[in-house]
Student: 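My questions all concern the structure below.
Both counts, for ligands and for their atoms, begin at 1 and track the order of listing. Because only heavy atoms are used, hydrogens play no part in the values below, and waters and symmetry mates are left out as well, while side chains stay in. Here the structure is a predicted model, which means the values were calculated and not measured.
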Amino acid sequence: MEGDIIETWLRKHRFSYIGATRHPFILSIHDGSIDLNNFKNWLGQDYVFVRAFVPFVASLLIKAWKESDDNSDVDVILGGVASLSDEIAWFKNESSKWDVALANIVPQNANQEYCRFLEGLIDPDVGYTVAITAFWAIETVYHDSYAHCLDDDSRTPEELRETCKRWGNDDFGQYCQSLQSIATRRLAKASNDVIAKAEAVFLQVLELEVDFWNMSNGKN
Ligand SMILES: Cc1ncc(CN)c(N)n1
């Protein structure tokens, strides 16, 4: 049925989606058993990731401006750029609280691979529909993961609640819904070839997110 492509994917790939959003790292925050060294590893690596995420989102803004049939897409993505500016300031502040030296972070393999993936999406040959699908998936995995750590039955340590709220809060959830609406609208009008590419990108994001969470134990 028109408009339901993303919902169909979420059902079809639910095990992969759950793997990315209920990773042991997230579950350990949720049940309070997290090793804080893992959190610090994640914090440093994610700062590097977010810096690489900015040019990707900027390229998406250009694609939206050139290719979108709806002006409000640019406004939604611009909101994303603005929140990334806050996010970078938050990482700087948070890292000093946790004694994580951001200047010395060496990006691990999984992070490098994710950043290369983002760089590939910047290519002008990658169309707006595929790129907005990736953006929706990347933001939604974080929202869904961290919102879980704020559930009523969670035992998330107090000192990690602010981190969870950053991505798990309702406004961020609304923003992810707006991205989903844009992607759904675009996919409803896309060719089979574009839909297949967007689905492959969605699955790649889920795998890259799992590898990214895996890095938190500092072993890869
Ligand atoms: C790896 C990763 N994925 C998603 C997000 C959310 N912007 C993030 N900060 N880092």
Student: Between ligand 1 and the protein, find all N/O pairs closer than 3.5 Å and give the distance for each.
Tutor:
unit_1   : atom_1 : unit_2 : atom_2 : d
ligand 1 : 3 (N)  : Glu209 : OE1    : 3.4
ligand 1 : 3 (N)  : Glu209 : OE2    : 2.7
ligand 1 : 7 (N)  : Glu139 : OE1    : 2.7
ligand 1 : 9 (N)  : Asp46  : OD2    : 2.9
ligand 1 : 10 (N) : Asp46  : OD1    : 2.7
ligand 1 : 10 (N) : Asp46  : OD2    : 3.4
ligand 1 : 10 (N) : Tyr142 : OH     : 3.2

Student: Calculate, to the nearest 0.5 Å, the distance between atoms CZ and CG belonging to Phe117 and Leu208 respectively.
Tutor: 6.0 Å
Student: To the nearest 0.5 Å, how far apart are CD in Glu199 and CH2 in Trp9?
Tutor: 5.5 Å
Student: Among side-chain atoms of Glu159 and Trp98, is any donor-acceptor pair under 3.5 angstrom?
Tutor: no
Student: Let me know which of Trp167, Phe135, Phe53 forms a ring-ring contact (aromatic ring centres under 6.0 Å, His included) with Tyr142.
Tutor: Trp167
Student: Are Phe56 and Phe49 near enough that their ring centres are under 6.0 Å apart?
Tutor: no
Student: Hey, are Gln180 and Glu7 close enough side-chain-wise for a donor-acceptor pair under 3.5 Å?
Tutor: yes
